[in-house]
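Counting begins at 1 with the first residue of the sequence. Keep in mind that what you see is a predicted model, and the values were worked out from it rather than measured.
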Amino acid sequence: ALYVAVCKNDDSIYTERVRYDKALAEKYVARGKRLALEERMPPPLSVDPSWYQCKFCDAHEFCHESKVTKHVNCRTCAHSTPKSTSTWHCARYDADDIAVEYQHQGCDAHVLHPDLVPWEMGDSPYEWSASYMIDGKSVINGQDGFSSIEMLANDKACASDFVASVKELFPGARVVR
């Protein structure tokens, strides 16, 4: 391969020939496959947000600030897992090869993956839901609880006894902010 870099200051061009190293290439391909098929997130490179490698990472805000996903889709659901065929499997509906358009939409049974939220996970009384501790209160995400969209919209409201009682009185009520 030929690596070409242009200096922004003076438009000088630097080129370098990069020789193919089969063993190194295979090592990184295997690493990529392993990471892509993991059911859990790998640990961050550093717990220090000012670490130089962390500063350049697209996941910096997630790892060191919000620790919460912004997306509700099959890829952020606790029920789905990646497969070696570059597809996803849904345990909730026992569905293989979820079509890409559905992966981006998700479904009403979505449960936030525990690696993608800052809350501690507890035992859920329901098979297809998760229990998260928010402000010292157990909040159910999924079946017979709050939807993932509601939890991401306002996790504090989902932990409120008042909001729970309103949802009990008005089953169609939803947390929106």
Side-chain angles (χ1 to χ4, degrees), residues 1-91 95-107 110-121 130 132-135 139 141 146-159 175-177:
L2 180 65
Y3 172 76
V4 179
V6 178
C7 178
K8 296 284 186 186
N9 293 336
D10 61 8
D11 284 337
S12 62
I13 297 175
Y14 170 79
T15 60
E16 182 177 331
R17 183 177 178 188
V18 180
R19 298 203 181 268
Y20 177 65
D21 182 338
K22 184 177 180 180
L24 186 63
E26 289 173 349
K27 173 186 167 186
Y28 283 116
V29 167
R31 178 178 182 231
K33 285 181 182 178
R34 180 179 47 81
L35 288 172
L37 296 176
E38 285 289 324
E39 291 186 27
R40 303 301 304 252
M41 279 181 34
L45 293 174
S46 173
V47 293
D48 179 5
S50 64
W51 179 249
Y52 80 96
Q53 288 176 311
C54 290
K55 285 182 173 182
F56 295 105
C57 179
D58 289 338
H60 183 275
E61 179 186 340
F62 176 83
C63 286
H64 299 289
E65 295 170 24
S66 69
K67 293 201 185 290
V68 66
T69 184
K70 295 176 182 168
H71 307 283
V72 174
N73 57 48
C74 291
R75 295 176 181 192
T76 62
C77 183
H79 302 312
S80 66
T81 52
K83 294 174 46 183
S84 62
T85 55
S86 300
T87 57
W88 288 76
H89 172 76
C90 175
D96 280 327
D97 305 333
I98 303 168
V100 173
E101 60 269 17
Y102 295 115
Q103 288 178 28
H104 294 291
Q105 294 172 3
C107 71
H110 185 280
V111 171
L112 292 163
H113 193 285
D115 285 351
L116 302 176
V117 294
W119 316 302
E120 183 180 324
M121 190 171 194
Y132 291 109
M133 292 301 292
I134 302 173
D135 290 341
V139 178
N141 173 215
F146 290 93
S147 73
S148 296
I149 293 172
E150 291 176 296
M151 304 245 331
L152 294 177
N154 191 336
D155 60 330
K156 306 287 187 216
C158 294
V175 175
V176 293
R177 262 196 287 173

Report the distance from atom [atom1] of [X] to atom [atom2] of [Y], rounding to the nearest 0.5 Å.
X	Y	atom1	atom2	answer
Gln105	His110	CD	NE2	12.5 Å
Asn141	Leu152	CG	CG	8.0 Å
Asp135	Cys158	CG	SG	11.0 Å
Leu37	Ser84	CG	OG	6.0 Å
Leu116	Phe62	CG	CZ	5.0 Å
Cys63	Trp51	SG	CH2	15.0 Å

Nearest atoms (heavy-atom pairs only) where [X] meets [Y]:
X	Y	value
Met151	Val139	SD-CG1, 3.7 Å
Met121	Ala130	CE-CB, 3.7 Å
Asn73	His104	CB-O, 3.4 Å
Ala159	Ile134	CB-O, 3.5 Å
Arg17	Leu2	N-CD1, 4.3 Å
Tyr102	Cys74	O-SG, 3.5 Å

Verify, without hydrogens or angle tests, whether [X] (side chain) and [Y] (backbone) share a donor-acceptor contact under 3.5 angstrom.
X	Y	answer
Glu150	Val175	yes
Tyr132	Leu112	yes
Thr76	His71	yes
Gln103	Arg75	no

Take a 6.0 Å sphere around [atom1] of [X] and say whether it holds more than 12 heavy atoms from other residues, nucleotides or ligands.
X	atom1	result
Lys55	NZ	no
Asp58	CG	no
Tyr20	OH	yes
Glu65	CD	yes
Arg34	CZ	yes

Query raised in the report: Can His113 and Ser80 be counted as having a side-chain donor-acceptor contact under 3.5 angstrom?
Result: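 Not at all, the side chains of His113 and Ser80 share no donor-acceptor pair under 3.5 Å.
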Query raised in the report: With distance as the sole criterion, is a donor-acceptor pair present between the side chains of Asp48 and Ser46 under 3.5 Å?
Result: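 Looking only at side-chain atoms, Ser46 and Asp48 do not form any donor-acceptor pair under 3.5 Å.
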Requested in this report: Decide yes or no for Asp11 and Val6: does some side-chain heavy atom of the first lie under 4.5 Å from some side-chain heavy atom of the second?
Outcome: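 In short, these two side chains touch, coming nearer than 4.5 Å.
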Requested in this report: Apply the side chain to side chain donor-acceptor pair (under 3.5 Å) test between His89 and each candidate in Asp97, Thr81, Asp96; give the one that qualifies.
Outcome: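 Testing each of Asp97, Thr81, Asp96 against His89, the sole residue satisfying side chain to side chain donor-acceptor pair (under 3.5 Å) is Asp96.
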